Structures are given as C-alpha cells and as structure tokens.
Amino acid sequence: MAVGLPGALPQNPKFLSPRSRVPFPLRGSQILWVFRGATTAVILCALYCSETNGRGFFRAHLGAREPRVGLLPVRDLLHPENSINKMSKTAPAPQVDELFPLSTLRHSVAHLMASAVGNLYPGVKYGFGPSIEHGFYYDFDFPEGTAPIEKKDLKRIEKEMRRLAKKTPEMTVEKLSRDEACARLAGADQDLKVEAVELIPEGEEITFWSHGDWYDLCEGPHMDRLDHDFAFKLQTIAGAYWRGDENNRMLQRIYGTAFWTKEELDAHMAWLEEVKKRDHRRIGTEMDLFSNHAEAGSGFVFWHPNLANVRLEIERFWWDEHTKRGYDPVYTPHVSKEELFAVSGHLENYEDMMYAPMTIDEQPYRAKPMNCPGHILIYQNRGRSYRELPLRWAELGTVYRYERSGVLHGMLRVRGFTQDDAHVFCTPDQLEKEIASVLELIDFMLKTFGFEYTAYLATRPADKTIGDDAVWEQATEALAAAAKRLDMPLEMDEGGGAFYGPKIDFKVRDAIGREWQNSTVQCDFNLPNRFDLTYTGEDGQPHRPILVHRAVLGSLERFVGGLIEHFAGRFPVWLAPTQVALIPIQEEHESYCNELSDLLRAEGFRVTNKDASSHMNKRIKEAQKAQVPYMLIAGEREAADRTVALRRRGTREQDVVSFEDFAKMLRSKRASRALEI
RNA sequence: GCUGCUGUAGCUCAGUGGUAGAGCACUUCAUUGGUAAUGAAGAGGUCGCGGGUUCAAAUCCCGCCAGCAGCUCCA
C-alpha cells in the first residue's frame, strides 16, 4: 500500500530510490520521504489516504507510541509551523534545518572534508567518517612519505571545503552491486573501503554518495546540497586505529563540528572553552589542590592540604552515612601474598592490570588491585551463622592498578586510587532489601553533591558467564525489585553485566551536561564460590552467601576530580578548602579578626590563617582566587559594633551583619550541606 | 601501549647554532590603605634527563622520563 501512494512515502528511504526522493518534515524530528516534485497537496493527499487506509503503516514508520496516531489531524503530523491552510496555497519551503537532522548535516560535512582532503593530498585512502555526539570525524590513511598533517593544515582544508561546497554542491546517490562497488574501489586503490564493503551484510543495499567527482561508499542519508547555510570548523587531528582495533594500522583522524548557524557553532565553541576552564588539572594548579610528580611516577596523585580538606570532609560524610545504615569499618593491607590473588582469580584474569610481584622472604607479594579478597579473608576467619547476616563492611580501600601510560589523566585516570568500597554478605532472601538500602544511599549521596543521575540495570552477558540461570534471574529480579521499591527508574543495559553477576550502574550528569560513571552495585556469584564461603543456616547446614560489591563514589580520585569540574572549583560551604576569609582593613583591626577566626576555628570551620600580614586588597584577591565562599571584612566600624562586612563569593556587594548572625548562617549551611552559598 | 605534538623561573609563555628573557607570583623597603593589580629594588633557571654532531647546542640528531590530544582500555 505504501508504494502505491501517489506522492509520499514514510521515512524508510529504502522504498524510494534516493535520487528521486526529497525529505519533508513531520512533527518532531520525523522525516517523510516524498517523490521529488511532489506538491504539498499531493503530500497532504497521501497523508490523508494513509489516515483512512494505512494507519498501521504510519504507526510503524512514524515511530509514534500512540496507537491512534493515524487519526490525528493531518496538520498535527506536519511541522507545527506549516498549517494546512498555509501549505495548501503557497507551500512555504521548509527550512533546511527542519529538513535534515543535525547528524545528517555533520555527516555531509564529513564528506565535504574528505573530498577536500582528497584534493589536497592525492593518493589518500579513506576510512570511516561518521557524525558523532558533538560533530564528526573522518579517518584517512595518507600515502607513504606525506608529511603528517598539522593543526595549521586544517585552515587550508577548511578553505578547500568552502570552495568545493560552492563549486560542486549537489549530493547524489547511486546504488551499486557488490561486485561493482568492490571493482570501483579497488580500481581507485581504496583498500580500506573495499574492506568496508565486505563488512556490509549480504542483502543490504550498497550505495555511493557523491558530490562533484568525489564519491564515497556510504549508506547516507545526506543533505541534497552542500551549499545550504551552515557553519563548520575543523578542530583536531589524532591517531585512530582502523576499525578501532589496536592490532590494525593507525589512521589519521580529523575531528570537526558543524551547526546550522554560526551562533550555534560559537555557542558550542564557548561550551568547549567552559570545559577547558573547568579542567580539574588547571583548577588544581590555580587553587593549589593536587600535583603529580615525575619522580614519583605517573598516575599517582599528591593531595595538597586544600584538596585533602575537601576529601576529609567527604570521607566524614561518607562514614557517617554508612554508620547510619549499619555498615562497619574494616581496614586491610595494601600488599599481600600473591597466593591470595591466585585464589581470587585476579592473577589469572587481571594480571595485566596488576603491579609486578615484589619478593619478600623469597615469597612473591603483590599490591592489591581490589579490596574484595581482603574483606573475604575477614569473613572466612571464623564460622558464620545466618544470625549475623547481613554483614556490611566498608573500607576506603586504596588499590593499585597498572594503567597504560597513554590513558592516565589528572585525577580521573590514575594508577593508585582509593575506592569507597563495601561488601555486603547476605542470604538470597536478604538480597533485595540490601540492594534497596544501597540504592537509597547512592541516591542520597549523589543528590547531596547536586548530581542528577540515570541508573542502568545490566543483565547477563551472552557468553562467558558463570552461575546458574536461576541465580542470575533471582539476582536480576532483586535488583529490579529494589529499584522499584524506591521508585527509582531503571534503564536497561541488556547483556551489560559482569561475568560474575548482574549490576546496576549509575551515570551522573554534571553542571555542564557531561556524564560520569561512578556508583555501582554488583551481585557476585563468583568469589563466594572461589573462596568457598559459607554460613550455617537455620537447618544447621552450610549455605553459600551472596556477595554484593558496591561503590557510591567509585574512587575518591575520580570523584573529587569530577567534583572540581562540576563546581568549577567553587565548592559549597561544607566542602570548601577555606570556608571563611577574615580580612582586616588596617593592621589595628587584626586583633578583632583574629578573635573572630578563633571562634570559628573552635567550631571546626576552616578559616584563613591569621596574621597573614598583607594588605586588604591583596587578601581579597587571594580569597577570590581561592574561591572562598565568604569574606568577612572588618574595620573600625565593624570592630566597634561586633559586625562584619560579608562579601559572598562571586559578588562584589557586601552586607554588614552581626557576627553572630553570620556564624548562625554558616553553621546552617554546613549542617545542611547546602549547595548554594 | 599506539599515532601526533610538547617539555625554558612557582604559573603563563617568548627566545631555531654564538654562552638565558617577559608578565604574574615571591622577598625587602616605602606606601596605613573601605573591597582584586601602589611604587622602587631584589631574588629565582646546570633551558626535563642522558648521549651524540659542532670551535660552539635551550636551539640539530638519538635514547629515556614526563605531559597534552586522540585511539584502545577503565574506578
């Protein structure tokens, strides 16, 4: 029925040869492909026919959830701007940004870039060139002997792109047989593309998109022309393995981005600036937070006093919340005999990530890459009864992992880090309740830091897993039920579980929209078996406990590094390295300031050092650079009536308030862990 | 680990074969100042480390170390 419609075909482009179709916008981002030359009236007619005859078809292809979508008024199916009346007379040409999604623009600009590179570097071979989250890239294999392209070459390529977009704007598509495609690409010496053809499953259509004499194996879709209004920019050059496999040859990848308007492009560039400004490594240097040292080795973080204060505050919070929920602390050694990791299976599966053994008394020892074996040894130390389960043991456990040098990154990817680890040993019956308690804790802690999150339920992977179906099912069920109990929505990550059990992972969204993964709850059927963990049940028989691994923050390093970027160094009062800066206007007011700072310090507040003999302006400058939430400036008037001139971070205004009122406010901000100052 | 790039004062950076510079920060002195750049002077560097080429190396070459952007991997 669809093919029989006079003028319109829904979305699936395969029903129309690409050459003879043009896109027509529907509501949202839907596109209706119609015959080239179809008038609005014909399209409306087609939609009308579909309403009466082809509801099911439109339902399917418009992706509408509502079963009665086919009966919606036609105008609702069209772009909101295009009412029927307007359209039936002088069909206004849809704007190009309504015709094509941003990803199509970017994909087309990637083609444009590839053709420009082809012109400037004859003999270049093409890899893949898709659109990605914030732009696009294209992979190139430059001929032997070509000087590697540099950042300054990007300008030249951009210029050539502009020229080509004007000279040969039309984008066309043709369908080739598999043999034709291979022959053409092989003839052009495009061996990567020949390989790409071979990747296309039998039965799928093979299409080439061209503009000018440049063509590319590509399934599309693309814009109809390259001379629409849009703005683009080439950004960086990097190496990338062919097909993402490090055993393959390394190609040169050029990244770029494109938007419909210059304003949007500028806004995106401004966002990238903001990302740069928030870089925790930069802020870390500016605010004297942490350092790395070549002489200590890559991937080890040195926490300076400022950041150590932030961490200590987080640790206090963490322990308090764990104690409230029935966790007990444990401490385990950083180094132990290799044998322990043989039993746990880490040596077998994880050795590449572990530091090399050190020999002590002729025995091999290892730095621990995980905390679980240590906790398990404590469990095993004596017999366990069902009466004492669940056992919840928490440790801020420092682990060491050999990460490849190229992946190290500030505090976010390091070789020695402290996990906020805990293990719950429980019976199968207790599982759901225990998980619910963990989920509640994660929810509470993440929200305290001002993070929104999404939780993903990761189920059994397709292969290489251990454990019975029934156990997997029960545990997965427990995870889902626990989330339901808390009304926590779960996204599905089918097959994303660990080999040893299902889990729930959390992705948090930071202040500028980036996602981070930290928190996790994982069921483990593996380690209890390997260590032959048991407890004595009510029946007097040994039973196998379930082990739950969980981390709320992930690692202190990564979490705090992310926190620096999330807050852009402007920590809330409870976390701020220095919470209050006391600034006398003249030296003779120093004693009044010292008196106040003693009072605050006695309550555990972090206050600037007293007697920092320097001038008011300088102290203000320093306090601003240190992102101190509150400055208290005091001169003669303030000292006389026991007030302070309160200046809040980020503003130049000041209020004169009584010291007592300020202290009260400060206490309440700290106690409530308020995000706003 | 791989590809490309980088390493000069605490920080940001200039200096491409002839024996090291700026701004900010730091120190001292002067300035006694009502909300972030007062003035003057001073101090600070075996130019990442090691080797090579050269009459001469921060500069050219090689190796190592460390960092940056990606790729792959990950808390």
Side-chain angles (χ1 to χ4, degrees), chain A residues 127 137 139 141-142 147-152 235-255 276 279 281-282 284-288 291-299 350 352-353 369-371 397-421 505-506 516-520 522 549 551-562 581 583-590 614-626 631-638 645-647 651-654 656:
Chain A
Y137 67 78
D139 286 341
D141 190 14
F142 288 94
I149 50 169
E150 295 172 37
K151 198 123 197 214
K152 63 174 164 35
Q235 294 163 296
T236 53
I237 305 154
Y241 299 108
W242 167 239
R243 295 176 57 195
D245 184 336
E246 62 182 323
N247 298 312
N248 287 338
R249 86 179 103 150
M250 174 79 66
L251 308 177
Q252 300 304 307
R253 175 172 294 180
I254 302 181
Y255 284 91
K276 245 197 218 162
D279 190 311
R281 293 165 299 182
R282 175 194 177 121
T285 303
E286 261 171 29
M287 289 176 64
D288 193 12
S291 54
N292 300 103
H293 298 274
E295 52 272 57
S298 313
Y350 208 71
D352 290 352
M353 296 292 288
M370 293 188 184
N371 300 303
T398 304
V399 297
Y400 298 89
R401 298 183 187 175
Y402 173 74
E403 295 282 355
R404 303 210 281 178
S405 60
V407 306
L408 301 173
H409 185 90
M411 301 183 71
L412 301 181
R413 194 72 184 274
V414 294
R415 286 178 172 166
F417 56 95
T418 302
Q419 296 181 306
D420 70 313
D421 215 348
D505 285 329
F506 288 74
W516 307 73
Q517 211 252 286
N518 295 300
S519 321
T520 183
Q522 313 186 348
H549 308 259
V552 181
L553 311 175
S555 80
L556 269 316
E557 283 74 7
R558 183 175 283 184
F559 188 80
V560 173
I583 301 170
I585 287 171
Q586 292 182 17
E587 256 171 60
E588 63 211 69
H589 312 126
E590 193 95 54
S614 57
H615 301 170
M616 175 184 68
N617 280 353
K618 191 172 164 192
R619 291 210 204 176
I620 289 172
K621 191 163 97 182
E622 283 166 356
Q624 288 197 335
K625 202 179 154 204
M631 282 182 230
L632 301 184
I633 298 160
E636 217 152 307
R637 298 197 292 268
E638 288 80 6
L646 167 64
R647 183 166 149 170
T651 147
R652 305 184 61 138
E653 284 132 42
Q654 55 166 345
V656 176

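Chain A is the first sequence line, chain B the second, and so forth, proteins listed ahead of strands; every chain is numbered from 1. The structure displayed is predicted, hence computed values, not measured ones.
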Could you measure between the two [atom1] atoms, the one in [N] and the one in [M], and give it in whole Å?
{"N": "B:rA37", "M": "B:rG15", "atom1": "P", "value": "31 Å"}
{"N": "B:rU59", "M": "B:rG52", "atom1": "P", "value": "14 Å"}
{"N": "B:rA9", "M": "B:rC13", "atom1": "P", "value": "12 Å"}

Side-chain N or O of [X] less than 4.0 angstrom from OP1 or OP2 on [N]?
{"X": "A:Tyr402", "N": "B:rG1", "result": "yes"}
{"X": "A:Arg647", "N": "B:rG34", "result": "no"}
{"X": "A:Ser298", "N": "B:rA66", "result": "yes"}
{"X": "A:Lys625", "N": "B:rC24", "result": "no"}
{"X": "A:His589", "N": "B:rU32", "result": "no"}

Sorted by position of nearest nucleotide on RNA chain B, 5' first, the leading residue of A:Gln522 and A:Gln654 is A:Gln654
Starting at the 5' end of RNA chain B and moving along, which residue's nearest nucleotide shows up first, A:Asn617 or A:Gly299?
A:Asn617
Ion pair A:Arg281/A:Asp279, N-O distance below 4.0 Å:
yes
For [X], answer base if it contacts any base atom (sugar-phosphate contacts may also be present), sugar-phosphate if it contacts only those atoms, and nothing otherwise; contact means non-hydrogen atoms under 4.0 Å.
{"X": "A:His293", "value": "nothing"}
{"X": "A:Ala623", "value": "nothing"}
{"X": "A:Arg404", "value": "base"}

